[in-house]
Amino acid sequence: MNYPLYIRSAPTENELKFHYMVHTSLDVVDEKISAMGKALVDQRELYLGLLYPTEDYKVYGYVTNSKVKFVMVVDSSNTALRDNEIRSMFRKLHNSYTDVMCNPFYNPGDRIQSRAFDSMVTSMMIQVC
Amino acid sequence: MADEALFLLLHNEMVSGLYKSAEQGEVENGRCITKLENMGFRVGQGLIERFTKDTARFKDELDIMKFICKDFWTTVFKKQIDNLRTNHQGIYVLQDNKFRLLTQMSAGKQYLEHASKVNFR
């Protein structure tokens, strides 16, 4: 079942286009994961790297050991953003997601409505834009 | 260790409290056991998210089982699983010969009648 627990875009016009891109990138994520399973690539990292570039955007992926997928879409014109910055953004997402999971009032599978999660994402997006 | 005793007492009370507040027929139809199992499952989910956050990606099922039997069990119960068996078709049997949450209880005769109610997932 592939539905988003959390999705956020800035700017908010053309939001649907980003939702669509994220959804199609899930197939690329699955391909990368199954390639690892067949030991074609020995990948011990959770970070997947650049999934595919389009002419306007770059899409990055990250999958946890509990099979939760994080997808990030970044404007191609943002050349200042480096790989290790993307990695650290994914780590922050993973850390905040772990906090959400440990909240006994959160029911796994529900949309994430945590304010702490929201403000972490907001501050990351502000840093990048 | 003091904190271990606190958790054991809390855990015993959770089981007994759940059974005391069970509605008609819930004890017989297994609803209490289901509730306890669901609680255990949910706690396990949170623990796993935290413990796997910094580990390398699991290559296959064997990696996952090794993690559960060694790292996870040691972090939660301070010992490893004693025996792991599999039929190589997806079924795994984990055996802990001295399960830490039960050692106090199994040492004496006091709780023999309630022993079947305690569930661990």
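Note that the structure is predicted; figures quoted are calculated from it, not measured. The sequence lines fix the lettering, A, B, ..., with proteins before strands; numbering per chain opens at 1.
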Check your understanding: Side-chain heavy atoms under 4.5 angstrom apart, residues restricted to Ile, Leu, Val, Met, Phe, Trp, Tyr: same cluster for Ile112(A) and Tyr3(A)?
Key -> yes
Review point. Is there side-chain contact between Glu49(B) and His94(A), with at least one heavy-atom pair below 4.5 Å?
Key: yes
Review point. By a 4.5 Å heavy-atom criterion (distance strictly below it), what part of Tyr97(A) contacts chain B: side chain, backbone, both, or neither?
Key: side chain
Practice item. Locate the shortest heavy-atom distance separating Cys102(A) from Gly46(B); write the atom from each residue and the value. Key: SG-O, 3.6 Å
Exercise for review: For side-chain contact (heavy atoms from CB on, under 4.5 Å), just list the numbers for Met101(A) and Leu47(B), CA-CA rounded to whole Å, side-chain angles, deciding distance to a tenth of an Å, and then say yes or no.
Suggested key: CA-CA 9 Å; Met101(A) 273 304 272; Leu47(B) 287 175; over 6 Å; no
Review point. Crowded around Met39(B) CE? As in, over 12 foreign heavy atoms under 6.0 Å?
Key: no
Practice item. Look at atom NZ of Lys98(B) and say whether more than 12 heavy atoms of other residues, nucleotides or ligands are closer to it than 6.0 Å. Key: no
Check your understanding: Does any heavy atom of chain A fall under 4.5 Å from the side chain of Arg42(B), the backbone, both, or neither of them?
Key -> side chain
Review point. Is it the case that more than 12 heavy atoms not belonging to Leu10(B) sit under 6.0 Å from its CG atom?
Key: yes
**Study point:** Side-chain (Asn65(A)) to main-chain (Lys53(B)) donor-acceptor, under 3.5 angstrom
**Key:** no
Review point. Given side chains that start at C-beta, do those of Arg57(B) and Leu48(A) come closer than 4.5 Å, heavy atoms only?
Key: yes
Check your understanding: Given the rule that I, L, V, M, F, W and Y join up when any side-chain heavy atoms are under 4.5 Å apart, are Tyr20(A) and Tyr57(A) in one cluster?
Key -> no
Practice item. Flag yes if more than 12 heavy atoms outside Lys17(A) fall under 6.0 Å of its NZ atom; otherwise flag no. Key: yes
Check your understanding: Just wondering, are more than 12 heavy atoms of other shown residues or ligands nearer than 6.0 Å to NE2 in His23(A)?
Key -> no
Check your understanding: Is it the backbone or the side chain of Val63(A) that comes under 4.5 Å from a heavy atom of chain B, or both, or neither?
Key -> both
Review point. Between Leu50(A) and Val128(A), is there a shared hydrophobic cluster once you connect ILVMFWY residues whose side-chain heavy atoms come closer than 4.5 Å?
Key: yes
**Study point:** Asn103(A) versus chain B, the contacting section by heavy-atom distance below 4.5 Å
**Key:** backbone
**Study point:** Worked verdict on Asn95(A) versus Arg50(B) for side-chain contact (heavy atoms from CB on, under 4.5 Å)
**Key:** CA-CA 8 Å; Asn95(A) 287 338; Arg50(B) 232 176 245 300; over 6 Å; no
Review point. How long is the gap from OG on Ser66(A) to CZ on Phe58(B), to the nearest 0.5 Å?
Key: 9.5 Å
